[in-house]
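A quick write-up on the structure given underneath.
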Amino acid sequence: MLRDSDGNALALAAEVGRGGEGGVYDVVGRPGAVAKVYAHPPRPDKVEKLSLMASLFGAHPELAWWCAWPEVLIRDDGGQCLGFLMRKLEGQQPVHDIYSPERRKALLPDVGWEFLVRTATNVARMFASLHGLRVIVGDVNERNLFVGRDATVTFVDCDSFQIATATHVFVSGVGVPDYTPPELQGEDFRTAIRSEAHDRFGLAVILFKLLFMGRHPFSGGASGELGPAIRDRAFDYPQLQRRLPHLVPLEVAGADLAGLFGAAFAGPPEARPEPGAWAEALDELERSLQACPVDPLHRVPAHLDRCPWCQIEGALRYSYFAPAAQGPAESRFRVDLDRLADLLGALDSVAAPIAPDQWVGPASLDKALRALDRALAEGERPEAAVWYLRAGGIGLAALGTALLLAGGDGARLVVAAGVGAWLAGGALATWRRRPFRRACARWRTERDELGRAGEDWRGDAVRARQFDRQTRQHALELGAAWRDLERRQREELERMRGDRVTPAWIPVLQQTAVEGSLIPGLPPDRRQGLLVRGLLTAADLNRTTLAQVPGLTGAHIDAVIAWRQSIELQVGAPRRLPPSRAQHAALDANLHHLQENLAHEIEAVTLQCAHDARTADTALQAAWHAIESRAAATLTEAARRDRP
Amino acid sequence: MTSQIPFAAVEFAANPEPRCPCVLALDTSASMAGPRLQELQAGLSQLKDELAADPLARKRVELAVLSFGGSVRLLTDFTTVDAFEPPLLRADGLTPMGGAIAAALDLVKARKQIYRSNGVAYYRPWVFLLTDGEPNDQWQGSAHAVRDAEQNRQLAFFAVGIGDANLDVLRQVSLRAPLLLKGLRFREMFQWLSSSLKSVSHSGLTDETRLENPAAPDGWAKV
């Protein structure tokens, strides 16, 4: 049995990923989390590192914004650590599929260069945050960095981060030459202690690839291999871009960024720009971008007077961006309530199995049983001859007794005759009834069995009705889910617009109380309204909850959302982009798909109900016929009065 | 001054990832006909599928297929995995292995030239030779060239024999000890090849000692 650190049992669900070290699994009942479970129990120092990371997470929950961080250790009943819980990534792509033009065009057809610039900014902010907590990435590479559709970024494989205590350094132990600075080339990654300056080199490589269409800054060297080119500090891109027209010139990023790249790749370790400097320069670049009049996906930095993308496309006959995407810039999906009404109406018109009391059957069984009872009662009543004999016997005995008292002669004889007649009556009854008694016993058993069969039958009929009701209930739940699509659409749009709080940010937003906070644009008496409605911290604020606060105008709501986002920015949450056409189109397609699935399910329920009712009715009818004919046979036999 | 645009520029603009080129030089002489060729054909498809399932390897690994049976033929020039379609193999003729090795070396040399002129980084090229016989042409020159290239770390050459292959010749071609396929374990062999190419393309490691040992007791080959 696996348990989290509070001792709660964990049940693993489907495997969602597998690597050299073990598997990653969904966890039953924890939708936002996954469990990484090692194939072999980690060594004690690894466990020590993981528990250090988990306690760091406890102090800095914002780590979950940036990373699939080991949040909670998983142990078996013996206390052995076998893995950890971390945030589940959804809808994110590895960064190499984002900076590589062809894959990006397929995955995100409607994003332009500004998306790549924003992604780069978020990567720089991530490194700034991690370094702020004295966490070193160590193994910077293109496979452990993921990018969302909103340009937010997430690190995975965080158990390879380098973490230090006052006395001990838990090294990363792994690395990739392509992202390794010159001074570490050829070193043994298993023991190398990384520094922030080492990380800054890897960071610069990732940023370069994002801005310059996936090119590695050191590719083009004589040996072809990246490691030796890095070791020789052969940052040849500025020369190469003159020879190769498909390269995006360094100047497109502007002089500031070109200078930073030069320092990062050709300068000494201490000259490598720190993450904050990158974030600032990239932010500046993004703000300076202007639309190209020719292609809506082209963005032109203010310092250039011609669109660099148009120039490259003209020379190369290849576009780094997809042709302008078609589709609405809003969600056009509408929940189709008329269709739902039709579907549920069709289900209503399917008859349920016939109710037991509507059957002619049960009434006629009751009649038959009563008739049988009567026949049995009648059969057990003694015959008239017995009555006569016994009554005569009593009469004679009484007469004899009277005579005896009167002293009459022969009275004893009369008494004896009376007693004799009475006894003879009894004997006659017993003798005559002997065969009949057996038949009666049989009929009584038969009657009981018929009664039971009737009860069973009634039970079956009731169950068929219940089952039918349950099936219909399921259709009603599907209908509710159908109506709920409208809420899901609203929430999803809110999430896309950044109105909604990303679950990983909740712990930090919860630390900011609404009470006592100055919210620009919201009068204090209105703020009181939030508290009355139970919106106590910044984590509670989104457009849905705010819409329920009386007296708030649209401007107030915008102000509150802006305030919440300003808190996110203060603590360094990634900046997010407004939703794109493709995102709207994907949302619409998704909702449409869900609605179609629900429609199919409701239709399936309708067919099922009709089929079940038919089957039940037929089976009940057949069973009834069997009971009925058995009752009739018994009754006929009993009614023949085949009796003494 | 306007510069020229090399034809391959679009290919490398669309996918600028460092390349990991691998030539498969496959013996398709008459003796390969039957189950061997069928298994080999199935192995090629498997190789493609396994590499294509890896998002990074599919952009980085480039496969070329040479066949030598009767004559040496280039069945598929270097293609990244996502566009690679396994060619149809036909068994015929003798075993011009020397010619095939020379062609493989030329192919690698030309490809490296294209990488360089397009400023694309690459990992050490692999040549994977598979044969069930012995050369019927001049092979000593090619052997010399392979050993030279391998010594200068310009190439990683793997030779695998099938059935009655002449391992003595392979030993003279390859610096690395040639392997003898156990039975018809093509499936396991291509699995090894795909996972080796994946790890090379992931990390840039070129030291084959870190590859899984195919001649382990449960491996697909013996030395």
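A note on names: the letters A, B, ... follow the listed sequences, proteins ahead of strands, and every chain is numbered from 1. All of these numbers come straight from a predicted model, not from anything done at the bench.
Both the backbone and the side chain of B:Pro55 come within less than 4.5 Å of a heavy atom in chain A. Both the backbone and the side chain of B:Tyr122 have a heavy atom closer than 4.5 Å to some heavy atom of chain A. Contact annotation for A:Lys105: neither backbone nor side-chain heavy atoms come within less than 4.5 Å of a heavy atom of chain B. For A:Tyr320, the part lying under 4.5 angstrom from a heavy atom of chain B is the side chain only. With a 4.5 Å cut-off on non-hydrogen atoms, A:Arg215 touches chain B through its backbone and its side chain both. With a 4.5 angstrom heavy-atom cutoff, B:Lys112 does not touch chain A via any of its atoms. Of the atoms belonging to A:Arg103, it is side-chain heavy atoms, and not backbone ones, that fall under 4.5 Å from chain B. Of the atoms belonging to A:His96, heavy atoms from both backbone and side chain fall under 4.5 Å from chain B.
To the nearest 0.5 Å, atoms NE2 (A:His246) and CG (B:Asn118) are separated by 5.5 Å. To the nearest 0.5 angstrom, A:Leu244 atom CG is 11.0 Å from B:Phe12 atom CZ. A distance of 4.0 Å separates CG in A:Asp97 from NZ in B:Lys59, rounded to the nearest 0.5 Å. Note that CE of A:Met213 and CG of B:Asn15 are 14.0 Å apart. Values are rounded to the nearest 0.5 Å.
The two residues A:Ser219 and B:Gly119 come nearest to each other via the heavy atoms OG-O, 3.3 Å. Between B:Val10 and A:Leu316 the shortest heavy-atom distance is CG2-O, 3.5 Å.
Other residues, nucleotides and ligands contribute at most 12 non-hydrogen atoms within 6.0 Å of the CZ atom of B:Arg187. Heavy atoms of other residues, nucleotides or ligands lying less than 6.0 angstrom from CD of A:Gln239 number more than 12.
Heavy-atom pairs under 4.5 Å with chain B were tallied for A:Arg317, A:Glu142, A:His216, A:Lys209; the largest tally goes to A:Glu142. By number of non-hydrogen pairs under 4.5 angstrom with chain B, the leading residue of A:Pro94, A:Gly224, A:Pro101, A:Ser100 is A:Gly224.
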Item to check | side-chain contact (heavy atoms from CB on, under 4.5 Å) between A:Tyr99 and B:Glu17, worked out | outcome: CA-CA 10 Å; A:Tyr99 62 57; B:Glu17 289 294 331; 3.1 Å; yes

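We find that A:Glu225 and B:Arg19 are not joined by a salt bridge, their nearest charged nitrogen and carboxylate oxygen being 4.0 Å or further apart.
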